[in-house]
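These notes concern the structure reproduced below.
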Amino acid sequence: MATATGVAATTALLLVALAVLRRAYLDSVPPAALPPDAAAAVYDTLVHFLRDSARTLLVVAVVTVPVAYLYGPGRAARAARGAAVRATAAAGRALRRGGVDTGSTGRLLARHRTGATSSVIVAGALILLFWNHPTVTAVALVLGITSAALIVLAVLAAAAGPARTSPRRTVS
């Protein structure tokens, strides 16, 4: 949380500095040497990728802070995790009552919940890491898909019925 907060603050400071420097640059260029629109285009072209990357990093850092808090030992974090478990368990029970049984796949997900959750989170992080030029929209999209996948996995694990036992046959 501390690292994400520091990155968010530093990135916000960078974005403010870029805006202030733009204004200072445009005010210092004489209109006779370069028209204001052309000077703005030059500056915007030079800092375009830096500004977009800083915005994306700011969004990632801002999202990381509450996620890191929710994985922590605090009372509110434990309460939020407990509420999420109860909600997905209720949804899974409702699916089971409706006739949906995820069977062995659901039981496997329930047994390996930590591994499945970690795999989805790592996959989302890797997608963002290897995305060539992620934008704020791309971060929001990956975050939404990752969250939806985590919810679906939790509900499928909760919908798993008890293991079916097959009657044993004795050979006489």
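The chain is numbered in sequence order, starting from 1.
- Remark: side-chain polar atoms of Arg78 are paired, donor with acceptor, to backbone N or O of Pro73 under 3.5 angstrom.
- Met1 and Val60 are assigned to two separate hydrophobic clusters, defined by single-linkage of ILVMFWY side chains at heavy-atom distances under 4.5 Å.
- Clustering ILVMFWY residues whenever any of their side-chain heavy atoms sit less than 4.5 angstrom apart, transitively, puts Ile127 in a cluster other than the one holding Ile151.
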Residues 34-41 side chain polar contacts: donor-acceptor under 3.5 Å, at least two apart:
none

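- No continuous path of ILVMFWY side-chain contacts below 4.5 Å connects Val62 to Leu70, so the two sit in separate hydrophobic clusters.
- The hydrophobic side chain of Leu108 is isolated, with no ILVMFWY side chain under 4.5 Å apart from it.
- Listed by first and then second residue, the ring-ring contact (aromatic ring centres under 6.0 Å, His included) pairs involving residues 2-22 amount to none (not counting sequence neighbours).
- Here the CG-CG distance, from Leu128 to Leu57, works out to 11.0 Å after rounding to the nearest 0.5 Å.
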In a table with atom names and distances, give each donor-acceptor pair under 3.5 Å that connects a side chain of residues 109-123 to protein atoms at least two apart or in another chain.
residue: Thr117; atom: OG1; partner: Arg113; partner atom: O; Å: 2.9
residue: Ser118; atom: OG; partner: Thr114; partner atom: O; Å: 2.8
residue: Ser119; atom: OG; partner: Gly115; partner atom: O; Å: 2.8

Show which side-chain atoms of residues 135-147 pair as donor or acceptor with protein atoms under 3.5 Å away, not counting sequence neighbours.
residue: Thr135; atom: OG1; partner: Thr137; partner atom: N; Å: 3.4
residue: Thr135; atom: OG1; partner: Ala138; partner atom: N; Å: 3.2
residue: Thr146; atom: OG1; partner: Val142; partner atom: O; Å: 2.7
residue: Ser147; atom: OG; partner: Leu143; partner atom: O; Å: 2.9

Kindly list each side-chain donor-acceptor pair under 3.5 angstrom involving residues 82-91, sequence neighbours excluded, with atom names and distances?
residue: Arg86; atom: NH1; partner: Gly82; partner atom: O; Å: 3.3
residue: Thr88; atom: OG1; partner: Ala84; partner atom: O; Å: 3.0
residue: Thr88; atom: OG1; partner: Val85; partner atom: O; Å: 3.1

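- Scanning both residues, Gly103 and Ala160, for their nearest heavy atoms gives O-CB, 4.0 Å.
- Residues in residues 70-106 take part in no ring-ring contact (aromatic ring centres under 6.0 Å, His included) pair, two or more places apart or across chains.
- Taking each heavy atom of Ala77 and Gly72 in turn, the nearest pair found is CB-O, 3.7 Å.
- Applying the salt bridge (charged side-chain N to carboxylate O under 4.0 Å, His left out) rule to pairs touching residues 120-132 yields nothing, sequence neighbours excluded.
- In plain terms, the two heavy atoms of Ala61 and Ala4 that are nearest each other are CB-O, 3.5 Å.
- In this structure Arg22 satisfies the salt bridge (charged side-chain N to carboxylate O under 4.0 Å, His left out) test together with Asp44, sequence neighbours excluded.
- For Arg23, the salt bridge (charged side-chain N to carboxylate O under 4.0 Å, His left out) criterion is met by Asp27, not counting sequence neighbours.
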Could you list the donor-acceptor pairs under 3.5 angstrom formed by side chains in residues 10-19, with sequence neighbours left out?
residue: Thr10; atom: OG1; partner: Gly6; partner atom: O; Å: 2.8
residue: Thr11; atom: OG1; partner: Val7; partner atom: O; Å: 2.7

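- Hydrophobic clustering (side-chain heavy atoms under 4.5 Å, transitive across Ile, Leu, Val, Met, Phe, Trp, Tyr) groups Leu21 together with Leu46.
- Pairs passing the ring-ring contact (aromatic ring centres under 6.0 Å, His included) check and including a residue from residues 21-54, sequence neighbours excluded, read Tyr25-Tyr43, Phe49-His133.
- Hydrophobic clustering of Ile, Leu, Val, Met, Phe, Trp and Tyr side chains at less than 4.5 Å, counting indirect connections, keeps Val59 apart from Val47.
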